[in-house]
Student: 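Supplied in structure tokens, the structure appears directly below.
Counting convention: from 1, in listed order, for ligands and their atoms alike.
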Amino acid sequence: MSAPQSHRGIILVADDNEANRELVSALLTAEGYHVVCAADGQQARQAVDSDSVDLALLDVMMPRPTGFELCQAMKSKSETRLIPVVLLTSLNSEADRIHGLMCGADDFLSKPVNKHELLARVYSLLRLKQFTDELDNAETVLFSLALTIEAKDPYTEGHCDRLSKYSVALGEKLGLPEDLRVALRRGGLIHDIGKLAVPESILLKPGPLTPEERKIMEQHTVTGERICAPLRSFRHVLPIIRHHHEKWDGSGYPDGLKSEQIPLTARILQITDIYDALTTDRPYRKALPLEKALAIMREEVKRGWWDGSILQEFEALVHGYEPVHPGVR
Ligand SMILES: [Fe+2]
């Protein structure tokens with residue numbers, strides 16, 4: 001089998017046994033891959049941290065950190081968790097493989113390494129890495145675009161970042177699973193991306209919008225959903241983007257959803273969005289103090305705009321205490 005032509009990749013080969021290391025390295029180099037060698041766990045860790053490694057082949061028994069330990073460390077850090085890890089083991093025991101899987105290993109190779117098996121694994125894992133890199137790039141482009149919208153208005157600087165953090169904290173408090181917390185983090189950054197399609201004359205208009213202009217502005221929810229729809233990894237973010245302007249009483253847009261029809265993640269983002277808007281400086285007023293902002297939000301809950309139970313949880317979060325009883329503060 002020949003190596004992929006478009007992306008040969010940098011492969012880390014970490015093994016304290018020199019003969020094994022050289023053998024694997026020679027096989028891969030002959031196929032045109034760029035190989036970085038490490039003689040122990042420490043060197044391997046340095047290579048992972050500094051060499052833009054695309055794939056790591058780690059001997060499980062090398063001096064500390066062992067292959068298991070390094071694999072676990074790589075998989076627990078956001079910068080390295082997408083690098084595929086193949087564990088090299090001479091033991092070929094079931095216990096070793098189970099331990100490796102628990103550490104997040106993507107695949108295993110038994111020593112002595114079989115050339116064809118090695119090249120097949122390397123080929124398919126590098127292809128996978130290439131796909132995840134492309135996905136990563138697509139997400140990065142979307143986040144950068146979202147930031148360009150924020151940059152147009154100096155008064156909203158840092159808003160999306162804070163929103164993202166508040167929403168994740170609130171989601172955590174409400175016991176949301178990890179995939180929805182990830183969606184909240186992304187949704188905080190990207191929920192207004194559809195504003196890219198709104199003319200600046202409307203987006204930055206200082207006075208009130210005409211009904212026509214309002215209609216165009218309201219389209220940003222639907223446009224944003226359309227922009228992000230092709231990304232499978234954003235499927236939990238789409239409801240946040242589409243529904244972050246719905247209101248509890250059904251008077252919001254774009255679909256006029258009511259109460260619990262509005263996705264929970266969108267209701268969470270609404271609360272943190274309003275809170276951040278009220279507690280930061282705006283062209284027409286100074287930032288409001290915490291209590292004043294919360295009083296306005298309580299008033300808006302009474303008017304039927306937001307989910308009161310989520311506001312209550314949010315108040316508990318910002319005050320650092322638990323609500324005494326549902327509905328009572
Ligand atoms: Fe919006």
Student: For Glu117, is there an ion pair with Arg121 - N to carboxylate O distance below 4.0 angstrom?
Tutor: yes

Student: Of all the N, O or S atoms in His245, which one sits nearest to the Fe ion (ligand 1)?
Tutor: NE2

Student: Would Asp192 count as a contact for the Fe ion (ligand 1), in the sense that one of its N, O or S atoms lies under 2.8 Å from it?
Tutor: yes

Student: Report, rounded to 10°, the angle at the Fe ion (ligand 1) between the two atoms NE2 (His220) and NE2 (His244).
Tutor: 100°

Student: In terms of side-chain geometry, is the basic nitrogen of Lys111 or Asp59 positioned less than 4.0 Å from the acidic oxygen of its partner?
Tutor: yes

Student: Please examine the side chains of Leu184 and Leu180, heavy atoms only from C-beta on, and report whether any two atoms are closer than 4.5 Å.
Tutor: no

Student: Here's a test for you: under side-chain contact (heavy atoms from CB on, under 4.5 Å), which of Arg21, Glu22, Glu18, Gln43 qualifies with Cys37?
Tutor: Arg21

